[in-house]
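Structure, as structure tokens:
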2 protein chains.
Amino acid sequence: MRMSRSDAAKNRERVVATASEMFRAEGYDGIGIAGLMQAAGLTNGAFYKQFDSKEALIAEATAEALARNAEAWQAVLDSAQGDPLAAVSEWYLSAPHIAHREKGCAYAALASEAPRHDARVGRAFEDGLRHTLSLISGAADGDDTMAIRLLSRLIGALMLARAVRDPELAASIVAANRAPEAPRGS
Amino acid sequence: MRMSRSDAAKNRERVVATASEMFRAEGYDGIGIAGLMQAAGLTNGAFYKQFDSKEALIAEATAEALARNAEAWQAVLDSAQGDPLAAVSEWYLSAPHIAHREKGCAYAALASEAPRHDARVGRAFEDGLRHTLSLISGAADGDDTMAIRLLSRLIGALMLARAVRDPELAASIVAANRAPEAPRGS
DNA sequence: ACATTAAGATTATGACTGTAATTTAACGAT
DNA sequence: ATCGTTAAATTACAGTCATAATCTTAATGT
């Protein structure tokens with residue numbers, strides 16, 4: 001049955017939002033169009049009216065996820081009392097973030113799959129990264145190097161903490177990575 | 001046609017070695033049993049004589065990849081002249097390592113998929129991680145915290161450098177992460 | 001009010017998935 | 001020399017994949 005223009009647009013947004021969560025939870029290959037559409041309350045037939053291909057949705061959903069991630073970074077940096085870098089480190093490696101991949105950092109969840117996908121996906125990651133780095137660098141006296149190093153380390157730590165089974169090992173990964181890096185002399 | 005016991009064992013090893021490379025290149029879901037067997041010079045029918053399931057192969061191939069990775073770490077640490085941590089950082093973020101996912105670090109390539117797989121896979125990652133961390137820590141005066149932070153950061157940096165499309169951005173990720181962390185005062 | 005348009009459902013496509021039964025033929029031991 | 005064992009090939013299974021044509025129905029433009 002046909003829906004109004006605005007309802008169709010809402011449906012489209014819901015598909016992208018659903019995809020951005022399901023891809024983070026299951027991987028790009030872990031969920032198919034049919035399952036995705038069903039989770040969004042539609043059927044697979046509706047998909048190709050809104051998107052060119054799964055690859056196009058992957059690019060769009062990735063950009064969506066990274067945009068939401070950036071909002072979260074900004075909120076934590078803005079509301080931090082004391083050292084904002086310590087605040088984001090604690091938030092990024094918190095138990096909820098480790099547990100809920102589907103709402104968490106798209107880099108930790110999906111970046112390793114990017115090289116296998118087309119240029120749009122790579123560009124989504126690239127744009128998201130530049131944006132996130134500018135937020136961190138802004139909270140670190142414009143130190144870009146420090147921003148890159150901090151983000152790299154946090155992403156790696158989150159992945160490792162999620163990958164291991166032993167809670168104690170996961171806890172030691174988190175503990176070791178909570179403290180920001182000491183500033184380097186020139 | 002049937003092969004000798006030792007040939008069969010060699011075939012099995014070749015399947016595991018092939019899988020350990022193809023999984024790193026394509027992801028666990030990116031390559032199927034048929035394609036895997038064909039790449040190893042066999043047909044899919046031979047698979048279930050040697051392995052219980054794809055999941056069992058995933059666990060075994062992951063352990064294999066991590067064991068080879070650990071050998072590489074040890075070789076670089078052993079043969080380093082000057083600061084061994086600087087040496088591994090340079091090696092880990094070198095152009096060949098970035099370019100050849102199939103022979104590179106299994107953490108950067110596959111760890112984000114671990115939570116979706118069964119306990120054997122998680123344990124493979126866990127055992128591999130403990131081993132690699134002990135190697136690094138041994139080269140850092142037993143500083144376990146430093147070892148975890150360094151490995152986390154390198155893994156994140158490698159993933160990011162591979163994910164972005166712009167070579168300049170990739171180069172800046174590498175450059176920022178080449179230098180080891182300054183020691184922290186107590 | 002009515003023809004046009006388009007969103008979504010239904011159904012179909014051929015390729016591929018993991019798994020497995022059956023078949024073939026060479027090895028290991030007798 | 002014979003024969004049971006077994007590695008690998010062949011073939012088949014039911015399910016899922018991304019994609020797409022067709023159909024239905026309701027919102028839109030006039």
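Within every chain, numbering begins at 1; the chains are lettered A, B, ... in the order of the sequence lines, protein sequences first and strands thereafter.
Protein atom CG of L42(A) is 20 Å distant from nucleotide atom P of dT24(D), rounded to whole Å. Rounded to whole angstrom, the span from the CE atom of M37(B) across to the C1' atom of dG18(C) amounts to 12 Å. Here dA6(C) presents its P atom at 21 Å from NZ of K10(A), a figure rounded to the nearest Å. Rounded to whole Å, atom P of dA8(D) lies 15 Å from atom CD1 of I33(B). Put simply, CG on N11(B) is 8 Å from C1' on dA7(D), counting in whole angstrom units. Distance CD (Q38(A)) to P (dT16(D)): 11 Å, rounded to an integer number of Å.
One side chain, T62(B) or Y28(B), offers a donor N or O that lies under 3.5 Å from an acceptor on the other. Defined by atom type and a distance below 3.5 Å, a donor-acceptor pair is present between the side-chain atoms of R24(A) and S20(A).
Taken residue by residue, residues 22-32 of chain A places no heavy atom nearer than 4.0 Å to DNA chain C. A heavy atom closer than 4.0 Å to some atom of DNA chain D occurs in G45(B), A46(B), K49(B), Q50(B), these being the qualifying members of residues 45-56 of chain B.
Side-chain N or O atoms of E126(A) include one that pairs as donor or acceptor with a backbone N or O of D166(B) at under 3.5 Å.
Rounded to the nearest 0.5 angstrom, M37(B) CE and I31(B) CD1 are separated by 10.5 Å.
Using a 4.5 Å cut-off on side-chain heavy atoms (C-beta onward), N11(A) and V15(A) make no contact. Here the side chains of W73(A) and L151(A) are in contact, with some heavy-atom distance below 4.5 Å. Looking at heavy atoms from C-beta onward, R153(A) lies out of side-chain contact with N177(B) at the 4.5 angstrom threshold. Residues F51(A) and R12(A) form a side-chain contact, since some pair of their non-hydrogen atoms from C-beta on lies under 4.5 Å apart. Counting heavy atoms from C-beta on, the side chains of V16(B) and E13(B) never come closer than 4.5 Å.
Ring planes of H97(B) and W91(B): parallel class, angle under 30° (limits at 30 and 60°).
Ranking dA8(D), dG8(C), dT19(D) by closeness to the N44(A) side chain, first place goes to dT19(D). Set against dA8(D), dT10(D), dT19(C), the side chain of T43(B) has dT10(D) as its closest nucleotide.
Taking the C1' atoms of five terminal pairs at each end of the helix from dG14(C)-dC17(D) to dT30(C)-dA1(D), the two resulting helix axes are inclined by 20°, rounded to 10°.
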**Message:** Could you go through E26(B) and R116(A), starting from their C-alpha distance and side-chain angles, then the distance that decides it, and tell me whether this counts as salt bridge (Lys or Arg N to Asp or Glu O under 4.0 Å)?
**Reply:** CA-CA 7 Å; E26(B) 316 277 354; R116(A) 301 195 293 269; 5.3 Å; no
